[in-house]
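For ligands, and for the atoms within them, numbers begin at 1 and follow the listed sequence. Residue numbers run from 1 in the order of the sequence given. Computed from a predicted model, the values in this text were never measured in an experiment.
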Amino acid sequence: MLIVMDQKANPQDIAAVIKAIEARGYTARPIPGGERVAIGILNNEGPVDAALFLALPGVKDAIPVTRAYKLVSREFKPEDTVIKVGDVCIGSGGLTIIAGPCAIESEAQALTIAGHVKRSGAQLFWGGAFKPRTSPYSFQGLGQEGLKILARVREKTGMPVVTEVMDFETFELVEQYADVIQIGTRNMQNFSLLKRAGRATKPILLKRGMAATIDEWLMAAEYILEGGNSNVILCERGVRTFVHHSRNTLDLSAVPVVRKESHLPIIVDPSHAAGRRDQVIPLSRASVAVGAHGLMVEVHHDPAKALSDGGQSLYPDQFEMMCRHVRSIYHILQNRKDDK
Ligand code: PEP
Ligand code: MN
């Protein structure tokens with residue numbers, strides 16, 4: 001249930017509602033909004049009696065929340081969440097482009113690619129230091145050395161950096177270096193990692209599990225918000241189907257569904273969805289057309305020599321073209337906002 005306070009409610013009214021919620025053994029979660037405060041009731045088993053709260057001073061409404069996820073839902077927070085990373089705002093009102101190589105291979109490689117993607121308009125740099133690989137014989141990433149290189153890229157280019165955390169043990173280390181911490185598809189339901197992410201001081205980019213429903217994905221995000229970290233960016237990256245023409249199938253319908261159900265920003269990773277370079281640009285255009293708040297794209301200056309995912313990495317000039325195309329599409333949508 002969500003208790004909506006009147007605009008004129010004072011801090012004592014809010015405190016009294018929180019006390020009344022806690023007195024019944026529930027958890028109260030105040031959610032400051034633009035106009036007025038709402039207080040979410042969590043940890044209730046079974047329905048909550050609205051009458052208990054409607055009688056209290058300053059209470060405007062008590063709305064039952066019908067979804068299993070609470071804090072991530074629009075029922076709890078109607079306004080879009082915008083996440084600030086350095087000077088970049090991720091969410092409604094802008095298009096954020098995150099780009100870089102699948103894996104950090106060397107400082108020279110990372111700086112070369114960072115220079116290219118920055119010139120084309122990427123706002124955040126992406127690169128993996130700890131890589132989840134299907135084969136134990138594949139390149140596993142440079143680990144801490146990769147994180148240090150990411151820090152140098154940030155220093156030299158001014159771009160905030162996004163990188164993946166693979167396990168609980170290395171979380172603190174990754175948190176020290178990253179501006180945004182990615183939880184990849186294979187870890188979407190790693191609940192101890194999600195709980196740790198809830199205590200993190202950095203925003204979390206939560207990719208959709210490759211076989212996860214949207215409800216399961218939003219419940220995974222709920223773990224992070226419930227733990228106290230409300231800065232979560234969702235990332236659709238394709239789901240596994242029976243097809244052979246792409247590595248996964250990009251579920252574009254997830255974008256409008258998530259935007260309807262949740263206030264969290266949603267971006268799309270067309271690179272891991274496609275698994276092939278020739279599909280990345282069309283899928284990027286489609287993602288923006290369908291309402292994504294941003295894109296995350298793999299780019300490499302010499303994909304033939306890349307140590308991972310070279311086959312799906314765009315060449316810098318292709319990335320530059322992609323940026324131009326998606327920005328044009330985004331501007332058309334912005335200018336047509338009123339005739340929905
Ligand atoms: C990645 O971003 O490099 C990655 C491994 O992505 P995903 O978790 O979506 O497969
Ligand atoms: Mn990759």
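A salt bridge links R74 to D80: at least one charged side-chain nitrogen sits closer than 4.0 Å to a carboxylate oxygen. The pair K70-E222 does not count as a salt bridge, with every side-chain nitrogen at least 4.0 angstrom from each carboxylate oxygen. Of the charged side-chain nitrogens involved, at least one lies within less than 4.0 Å of a carboxylate oxygen, so that E145 and R152 count as a salt-bridged pair.
Remark: minimum distance from atom 6 (O) of ligand 1 to any protein heavy atom is reached at K207 NZ, 2.9 Å. The single protein non-hydrogen atom nearest to atom 8 (O) of ligand 1 is T185 N, 2.8 Å, given as residue, atom name and distance.
M188 and Y223 fall within a single hydrophobic cluster, where Ile, Leu, Val, Met, Phe, Trp and Tyr side chains are chained together by heavy-atom contacts under 4.5 Å.
For atom 1 (C) of ligand 1, the nearest non-hydrogen atom from the set M188, Q312, H272, R247 comes from H272.
Atoms of ligand 1 lying under 4.0 Å from any heavy atom of G184, numbered from 1 in the order shown and given with element: 8 (O). Contact atoms of ligand 1 toward E298: 3 (O) (distance under 4.0 Å to a heavy atom of the residue). The contact set between ligand 1 and K131, taken as ligand atoms under 4.0 Å from a residue heavy atom, comprises 1 (C), 3 (O). Residue R237 approaches ligand 1 through these ligand atoms, each under 4.0 Å from one of its heavy atoms: 7 (P), 9 (O), 10 (O).
The backbone N or O of R276 lies less than 3.5 Å from no partner atom in the side chain of Q279, so there is not a single donor-acceptor pair.
Rounded to 10°, the angle that OE2 of E298 and NE2 of H272 form at the Mn ion (ligand 2) is 90°. When rounded to 10 degrees, the angle formed at the Mn ion (ligand 2) by OD2 (D309) and SG (C102) equals 100°.
Between the side chains of E175 and T201, at least one donor N or O sits under 3.5 Å from an acceptor N or O.
Checked by distance only, ligand 1 and D269 stay at 3.5 Å or farther apart across all their nitrogen or oxygen atoms.
Residue contacts with ligand 1, taken as heavy atom pairs separated by less than 4.0 Å, do not involve M210 at all.
Within the 4.5 Å cutoff, the side chain of I97 has heavy atoms near those of the R327 side chain.
By the 6.0 Å contact criterion, CD on E45 is open, its count of non-hydrogen atoms from other residues, nucleotides or ligands being 12 or less.
Heavy atoms of R186 come nearer than 4.0 angstrom to ligand 1 in at least one pair.
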